[in-house]
Amino acid sequence: MSTQPVPMHSQEARESSNNSSSASARYICFGRYHLDLKKEELFKDGARVKLQGKVYQALVALLQKPGEIVTREELRLQLWPDALVNYDANVNTTVNKLRQVLGDSADQPAFVDTIPRKGYSFIAKVEYVDRPAAPQAPQPSQLSPAAAAQERAASLFRTAILSKWFAAGVVALVIASTLFGAALVLYAHH
């Protein structure tokens with residue numbers, strides 16, 4: 001029987017080894033997103049997603065402790081360390097904006113879960129990598145001809161919706177419809 005000591009790894013030692021591997025990584029990937037820690041930018045399927053400063057800081061704070069509770073006080077100290085602000089409302093607003101950016105909801109969370117009277121927890125699987133994740137959407141060359149045509153039509157529709165001319169046309173149509181309706185009402189009363 002050997003009497004050599006066997007090293008015991010504490011929870012803290014495991015966490016620090018996890019943190020050291022995550023500290024050297026440039027990107028944090030979760031779902032269809034990857035966060036570039038060096039540039040402080042968030043990407044979804046390779047496309048940049050706009051994030052306000054405090055929303056970015058809240059995301060980083062949650063990603064530093066995935067699966068664990070980040071208390072409201074911890075968020076306050078990271079986001080507003082010296083300010084005397086109504087941080088309850090600010091924390092709520094910031095987390096709600098983060099959920100909106102991620103397409104998440106408080107009722108059915110995929111990323112940020114509310115822990116009542118305590119704080120929040122980042123519940124999605126998190127991966128630390130040195131290179132950004134490749135976009136998950138298939139390239140048009142990989143699609144069948146019918147699927148490629150459907151993707152082009154969907155892309156054209158998205159482009160049209162985002163177009164300033166499309167928005168102006170919708171506004172003009174609403175105004176014209178309102179004026180036509182008012183004219184009908186006036187004509188009906190005569």
Discussion item. Quick one, Asn92 with Arg72, criterion side chain to side chain donor-acceptor pair (under 3.5 Å). Give me CA distance, side-chain angles, the key distance, then yes/no.
Written reply: CA-CA 9 Å; Asn92 290 343; Arg72 297 174 65 74; 3.1 Å; yes
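- For the atom pair NZ (Lys97) and CG (Leu59), the distance works out to 15.0 Å, reported to the nearest 0.5 Å.
- Residues Ile28 and Tyr120 share a single hydrophobic cluster, defined by chaining ILVMFWY side chains whose heavy atoms lie under 4.5 Å apart.
- The hydrophobic clustering, which links ILVMFWY residues whose side-chain heavy atoms are closer than 4.5 Å, places Ile115 and Phe122 apart.
- Taking the six-membered ring where tryptophan is involved, the planes of Phe111 and Phe30 are perpendicular, since the angle between them exceeds 60° and thus also 30°.
- Heavy-atom minimum distance, Ala110 versus Ala124: O-CB, 3.5 Å.
- Across all their heavy atoms, Leu98 and Val55 have their closest contact at CA-CG1, 3.7 Å.
- The CD atom of Gln64 sits 9.5 Å away from the CD atom of Glu74 when rounded to the nearest 0.5 Å.
- Formation of a donor-acceptor pair under 3.5 Å by the Lys54 side chain with backbone atoms of Leu79 is found in this model.
- Checking each of Asp130, Leu35, Val129 against Tyr27 for a side-chain contact (heavy atoms from CB on, under 4.5 Å) leaves exactly one that passes, namely Val129.
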Worksheet item: Run the side chain to side chain contact (heavy atoms under 4.5 Å, CB included) check on Val112 and Ile123 step by step: do they pass?
Response: CA-CA 6 Å; Val112 180; Ile123 58 173; over 6 Å; no
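- No continuous path of ILVMFWY side-chain contacts below 4.5 Å connects Leu77 to Ile69, so the two sit in separate hydrophobic clusters.
- Between Tyr56 and Glu40 the shortest heavy-atom distance is OH-CG, 3.3 Å.
- Note on Leu51 and Leu37: same hydrophobic cluster, where clusters join Ile, Leu, Val, Met, Phe, Trp and Tyr whose side-chain heavy atoms are under 4.5 Å apart, directly or indirectly.
- Follow the hydrophobic side-chain contacts under 4.5 Å out from Phe43 and you never reach Val60; the two are in separate clusters.
- Rounding to the nearest 0.5 angstrom, the gap separating the CZ atom in Arg32 from the CG atom in Asp45 is 4.0 Å.
- Screening residues 107-117 for side-chain hydrogen bond (donor to acceptor under 3.5 Å, both in side chains), with sequence neighbours left out, gives Arg99-Thr114.
- Residues His34 and Glu127 are not in side-chain contact: their nearest non-hydrogen atoms beyond the backbone lie 4.5 Å or more apart.
- In this structure, Ala61 and Leu75 approach most closely via the heavy-atom pair CB-CD2, 3.8 Å.
- A 4.5 Å side-chain heavy-atom check between Ser121 and Val70 finds every atom pair outside the cut-off.
- Here the closest non-hydrogen pair linking Gln57 and Gln78 is OE1-O, 4.1 Å.
- The two residues Tyr33 and Leu102 come nearest to each other via the heavy atoms OH-O, 3.0 Å.
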Item to complete: Begin with the C-alpha distance, continue with both residues' side-chain angles, and end with the deciding distance and a verdict on side chain to side chain contact (heavy atoms under 4.5 Å, CB included) for Arg26 and Asp36.
Response: CA-CA 6 Å; Arg26 176 174 173 173; Asp36 184 335; 2.9 Å; yes
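- How far NZ of Lys50 is from CD of Glu41: 11.5 Å, rounded to the nearest 0.5 Å.
- In this structure, Thr71 contributes its side chain and Lys118 its backbone to no donor-acceptor pair below 3.5 Å.
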